[in-house]
Amino acid sequence: PNPAVSFPAPRVTLPAGPDILRTYSGAFVCLEILFGGLVWILVASSNVPLPLLQGWVMFVSVTAFFFSLLFLGMFLSGMVTQIDANWNFLDFAYHFTVFVFYFGAFLLEAAATSLHDLHCNTTMTLQPLLSDNQYNINVAATIFAFMTTACYGCSLGLALRRWRP
């Protein structure tokens, strides 16, 4: 006779509830939300002068903002203890995916900002592609996109350590 084989549920190594905020991973997720929200606000406030480049930046920042809120909310509420999943792997996979997307968004935002001095002909007068105000806002957005990417990279490293000890 074959006895029923039961596999133990994967262990969640991050604490559930408010204790998540006392870990480096919890702190990085909070910084990801804060800096990602600033990227979203700054790019939107520049009136998106280069929609082909900055549209992707907006998509990544908004999507990552809401998924990071969802991720943190699941740990804060303790739902991770109720859902049978390998949370260490899901943490790693999520942060890897968002790190790759945010790195691309950072590069696109930096490229959009670097086009400040590019002059375009608009009805016989040459004017810069970005106004000085848009340029300043895009510089700030580029800096915060880099900081957000770095936070996702740190979270990725911590998640990798938990997933593969």
Side-chain angles (χ1 to χ4, degrees), residues 13-14 20-76 80 85-164:
T13 56
L14 282 174
I20 184 78
L21 299 176
R22 294 186 185 146
T23 65
Y24 286 119
S25 292
F28 279 123
V29 171
C30 290
L31 289 174
E32 292 160 10
I33 292 167
L34 175 69
F35 294 152
L38 285 172
V39 171
W40 174 14
I41 291 167
L42 287 167
V43 173
S45 69
S46 74
N47 296 324
V48 192
L50 300 165
L52 188 60
L53 299 177
Q54 292 178 306
W56 178 252
V57 177
M58 285 292 291
F59 170 75
V60 170
S61 63
V62 171
T63 304
F65 178 83
F66 284 113
F67 276 112
S68 291
L69 271 178
L70 178 68
F71 180 81
L72 184 62
M74 289 185 73
F75 274 91
L76 280 173
V80 293
N86 186 344
W87 285 100
N88 294 324
F89 174 74
L90 291 176
D91 182 22
F92 170 75
Y94 168 70
H95 281 101
F96 175 78
T97 304
V98 177
F99 173 75
V100 169
F101 284 164
Y102 234 109
F103 184 73
F106 157 68
L107 292 177
L108 288 174
E109 184 60 30
T113 303
S114 71
L115 296 175
H116 168 62
D117 289 330
L118 182 67
H119 292 281
C120 54
N121 188 0
T122 58
T123 65
M124 304 302 286
T125 60
L126 286 178
Q127 40 186 354
L129 190 60
L130 300 174
S131 69
D132 288 339
N133 186 40
Q134 287 174 325
Y135 174 72
N136 293 335
I137 291 171
N138 281 310
V139 166
T142 302
I143 292 168
F144 282 113
F146 173 77
M147 293 170 64
T148 307
T149 303
C151 287
Y152 278 109
C154 291
S155 289
L156 174 61
L158 292 171
L160 180 62
R161 273 185 36 195
R162 277 190 303 279
W163 181 49
R164 295 283 176 191

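Keep in mind that the numbers below use all heavy atoms, side chains included, and drop hydrogens, waters and symmetry copies. The first residue in the sequence is number 1, and the count goes up from there.
The two atoms that bring Cys30 and Leu21 nearest to each other are SG-CD2, 3.7 Å, heavy atoms only. Closest of all the heavy-atom pairs between Ile137 and Leu42 is CG2-O, 3.0 Å. The minimum heavy-atom distance between Ala64 and Val98, with the atom names listed, is CB-CG1, 3.8 Å. The two residues Glu32 and Cys151 come nearest to each other via the heavy atoms OE2-O, 3.4 Å. Closest approach of Tyr102 and Val39 over heavy atoms only: OH-CB, 3.8 Å. Nearest approach of Phe65 to Gly36, heavy atoms of both residues: CD1-C, 4.5 Å.
Under the 3.5 Å distance criterion, the side-chain polar atoms of Asn136 are matched with a main-chain donor or acceptor of Asp132. A donor-acceptor pair under 3.5 Å links the side-chain atoms of Trp87 to the main chain of Val80, judged by distance alone. When atom types are taken as modelled, the side chain of Ser61 and the backbone of Met58 share a donor-acceptor pair closer than 3.5 angstrom.
A distance of 9.5 Å separates OG1 in Thr97 from CG in Leu156, rounded to the nearest 0.5 Å. Taken to the nearest 0.5 Å, the CG atom of Leu107 stands 11.0 Å off from the OG atom of Ser114. To the nearest 0.5 angstrom, Gln134 atom CD is 10.5 Å from Thr113 atom OG1. The distance from the CG atom of Leu14 to the CE atom of Met74 is 13.0 Å, given to the nearest 0.5 Å. Note that CD1 of Ile33 and CG of Leu72 are 5.0 Å apart. Values are rounded to the nearest 0.5 Å. Separation of atoms CG (Leu158) and CZ (Phe92) is listed at 12.5 Å; rounding is to 0.5 Å.
Remark: Leu70 CG is packed, more than 12 non-hydrogen atoms of other residues, nucleotides or ligands lying under 6.0 Å away.
For the pair Gln54/Asn47, no side-chain contact is recorded, criterion being any heavy-atom separation below 4.5 Å from C-beta on. Using a 4.5 Å heavy-atom cutoff, the side chains of Glu109 and Asn138 are in contact.
The side-chain hydrogen bond (donor to acceptor under 3.5 Å, both in side chains) contacts involving residues 33-46 comprise nothing, where partners must be two or more places apart or lie in separate chains.
Taking Phe96 as the reference, nothing meets the ring-ring contact (aromatic ring centres under 6.0 Å, His included) condition, with sequence neighbours excluded. In this structure, the side-chain contact (heavy atoms from CB on, under 4.5 Å) partners of Leu38, at least two apart in sequence or on a different chain, are Phe35, Phe144.
Here Phe28 and Tyr24 keep their ring centres 6.0 angstrom or further from each other.
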message: Working note: Tyr94 + Ser155, criterion side chain to side chain donor-acceptor pair (under 3.5 Å); need CA distance, chi angles, decisive distance, verdict.
response: CA-CA 10 Å; Tyr94 168 70; Ser155 289; over 6 Å; no
